[in-house]
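So the structure is just underneath, and the comments pick up after that.
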Amino acid sequence: MDQSNSACDAYSPEFLAAVERVLAEEGGYSSDPGDPGGATKFGISARAHPGVDIATLTRDAAVNIYWREWWLPFGFAQLPAAIAAKTFDLAVNIGAAHAIECLQRALRACGLPVLEDGLLGSATVLASSRAQPAALMSAMRSEAAGYYRMLAANRNGGIDFIKGWLNRAYA
């Protein structure tokens, strides 16, 4: 697979800040037998990207994958920057639908009722722009932590990851 970074000039500042956070969380190469994604580098998994040589994946190529396969398709740019970065970071770790559900539950906790459907639709985007930013971020952290606790309880070996997951939730 071509690992060039031809879209570099098109990256928004909000995406660049968000992807830096993801890259800091995800780190370099890992091949933990307890990770269902298999070998990963920069958070890009062999399971999700069978055509990518994970061991030789460059940072720029990973950024390009996040731009093309995450930021643009899921529409994170529609959200306020801090909420976009948090939702994007969670999406990379738990999947976009679960991350968006965390956002939707957080919005409801802030008194902004939205349907919890895992889709970043216009109602979720509008409610996100109307929410008090600090309250929404706090609620997002709480919802993410709850999701990670549930995941650890229900996933074989999940307890091995809970400390890192909770650090990520509260970051």
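All figures in this text were calculated on a predicted structure; none of them were measured in a lab.
- Residues satisfying the side-chain contact (heavy atoms from CB on, under 4.5 Å) criterion with L112, sequence neighbours excluded, are L107, A127, A131.
- Considering CZ of F74 and CD of E69, their distance stands at 9.5 Å, rounded to 0.5 Å.
- Across every non-hydrogen atom of K41 and I54, the tightest pair is CD-O, 3.2 Å.
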Carefully, step by step, assess L103 and L120 under the rule side chain to side chain contact (heavy atoms under 4.5 Å, CB included). CA-CA 9 Å; L103 169 60; L120 192 55; 4.1 Å; yes
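- Annotation: the span from I94 atom CD1 to E101 atom CD amounts to 8.5 Å, rounded to 0.5 Å.
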Less than 3.5 Å apart, which donor and acceptor atoms pair up between the side chains of residues 76-83 and the rest of the protein, not counting sequence neighbours?
| from | atom 1 | to | atom 2 | distance (Å) |
| --- | --- | --- | --- | --- |
| Q78 | NE2 | G75 | O | 3.1 |

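- For A106, the side-chain contact (heavy atoms from CB on, under 4.5 Å) partners are L136, A139, M140, E143, not counting sequence neighbours.
- S45 contributes atom OG, which lies 11.0 Å from atom CG of L57 (distance to the nearest 0.5 angstrom).
- Taking all atoms of both residues into account, the shortest heavy-atom contact from R141 to Y170 is NE-O, 3.4 Å.
- Legend: ring-ring contact (aromatic ring centres under 6.0 Å, His included) pairs involving residues 95-126, not counting sequence neighbours, sorted by first then second residue: H98-Y147.
- Here the closest non-hydrogen pair linking N93 and Y148 is OD1-OH, 2.6 Å.
- For the ring pair (Phe, Tyr, Trp, His ring centres under 6.0 Å) test, no residue two or more places apart in sequence or in another chain qualifies with F42.
- The nearest pair of heavy atoms linking A62 to I44 is CB-CG1, 4.0 Å.
- N64 places no side-chain N or O within donor-acceptor distance of the main-chain N or O of D60, the cut-off being under 3.5 Å.
- Within the structure, salt bridge (charged side-chain N to carboxylate O under 4.0 Å, His left out) contacts touching residues 76-97 (residues at least two apart or in different chains) are D89-R168.
- A search for side-chain hydrogen bond (donor to acceptor under 3.5 Å, both in side chains) contacts involving R59 returns E20, not counting sequence neighbours.
- Two residues are said to be in side-chain contact when any heavy atoms from C-beta on lie closer than 4.5 Å; W71 and S12 meet this criterion.
- Hydrophobic clustering (ILVMFWY, side-chain heavy atoms < 4.5 Å, transitive): L115 and V125 are in distinct clusters.
- A search for side-chain contact (heavy atoms from CB on, under 4.5 Å) contacts involving A55 returns Y29, D53, not counting sequence neighbours.
- Between the side chain of T40 and the main chain of G43, no donor-acceptor pair closer than 3.5 Å is present.
- Taking R108 as the reference, E116 meet the salt bridge (Lys or Arg N to Asp or Glu O under 4.0 Å) condition, with sequence neighbours excluded.
- Separation of the W67 and Y11 ring centroids falls under the 6.0 Å cut-off.
- Rounded to the nearest 0.5 Å, atoms SG (C110) and CE (M137) are 11.0 Å apart.
- For F88 and W70, the ring centers sit 6.0 Å or farther from each other.
- Under the side chain to side chain donor-acceptor pair (under 3.5 Å) criterion, no residue pair touches residues 129-140, with sequence neighbours excluded.
- If you chain together hydrophobic residues whose side chains sit under 4.5 Å apart, L90 and V114 fall into the same group.
- Applying the side-chain hydrogen bond (donor to acceptor under 3.5 Å, both in side chains) rule to T124 yields the partners Q104; only residues at least two apart in sequence or on another chain are considered.
- Clustering ILVMFWY residues whenever any of their side-chain heavy atoms sit less than 4.5 angstrom apart, transitively, puts L126 in a cluster other than the one holding I100.
- Take N167 and apply the side-chain contact (heavy atoms from CB on, under 4.5 Å) test, not counting sequence neighbours, and it matches K163.
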